[in-house]
Amino acid sequence: LGLRERDYANKAAVQNMIQGIENDFTTVLILEYLPASLVLLNRRMCWTFYDILCDITELHIRKQSYRLKSNITDVMKARFYNRFNASLHRQISQEGDDFLAEVKQFERVNSDVMRYCRSKKKKRPEMVVQRSKWNDAFSIDREFCGRYRRSRKYWDPRFRKQSMNG
């Protein structure tokens, strides 16, 4: 994140880093709340479900319980996590009554797409995701599945290159 290791124990430096991130990013995704994080980002960016589909089977999502420990790195991680986790939940609570229903719908769609893309059938028709209150209808084909199943190691350098080129 850019904080020098020697500053991990420096409360003011950690606080300044957190404040800087909050100033630069209005929404921070939390892995253990990835579907809700993605739906929140989707709303902020005016995207569609298609734009936020992701294969989460390889992600190791687990509930974190950060407590302040004696290890300086853990203390710093706990401060970051606790601040941004609280921020995410505060933002979610302001999204209205249908937010959790939208998250459930996204989880269903994402799960259906994941199942379709993992199918071993060689010849399969395109999958059509029906329109709902939160998304227009769209289709999924084998080409999409090829991209969908790529790992972060594939995507990171491409995103980096694209962001460097404007």
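When reading the values below, keep in mind they use all heavy atoms of this one structure, side chains included, and skip hydrogens, waters and symmetry mates. Here the structure is a predicted model, which means the values were calculated and not measured.
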Please round to the nearest 0.5 Å and tell me the distance separating atom [atom1] of [X] and atom [atom2] of [Y].
X	Y	atom1	atom2	value
R83	M17	CZ	CE	13.5 Å
Y116	R142	OH	CZ	8.0 Å
L38	W47	CG	CH2	8.5 Å
N85	I30	CG	CD1	5.0 Å
D24	Q19	CG	CD	10.0 Å
D141	R124	CG	CZ	9.5 Å

Any heavy-atom pair between the side chains of [Y] and [X] that's under 4.5 Å?
X	Y	value
V28	L88	no
V109	L53	yes
D55	R118	yes
V129	F49	no
R79	K11	yes
N42	F106	no
L29	L41	yes

Residues, nucleotides or ligands: over 12 heavy atoms within 6.0 Å of Q94 CD: yes
Polar contact flag, side-chain donor to acceptor under 3.5 angstrom, Y81-E32: yes
Any side-chain donor near an acceptor of the partner, S87 and Q91, under 3.5 Å: yes
Pairs involving residues 98-149, ordered by first then second residue, that meet disulfide bond (SG atoms under 2.5 Å apart) (sequence neighbours left out): C117-C145
Intermediate values then yes/no, side chain to side chain contact (heavy atoms under 4.5 Å, CB included), V113 and F144: CA-CA 10 Å; V113 168; F144 172 88; 3.8 Å; yes
Any donor-acceptor pair under 3.5 Å from N135 side chain to Q130 backbone: yes
Check: T48 main-chain N/O paired with D51 side-chain donor or acceptor under 3.5 Å: yes
Salt bridge present between E102 and K133 (N-O < 4.0 angstrom): no
Nearest atoms (heavy-atom pairs only) where V14 meets D7: CG2-O, 3.8 Å
Heavy-atom pair of closest approach, residues C54 and N110: O-ND2, 2.9 Å
Residues that E95 engages under side chain to side chain donor-acceptor pair (under 3.5 Å), provided they are two or more places apart: R43, R44
Inter- and intrachain pairs under ring-ring contact (aromatic ring centres under 6.0 Å, His included), touching residues 117-138, at least two apart: Y50-F138
Trace of the side chain to side chain contact (heavy atoms under 4.5 Å, CB included) decision for I21 with I18: CA-CA 5 Å; I21 292 170; I18 290 171; 5.8 Å; no
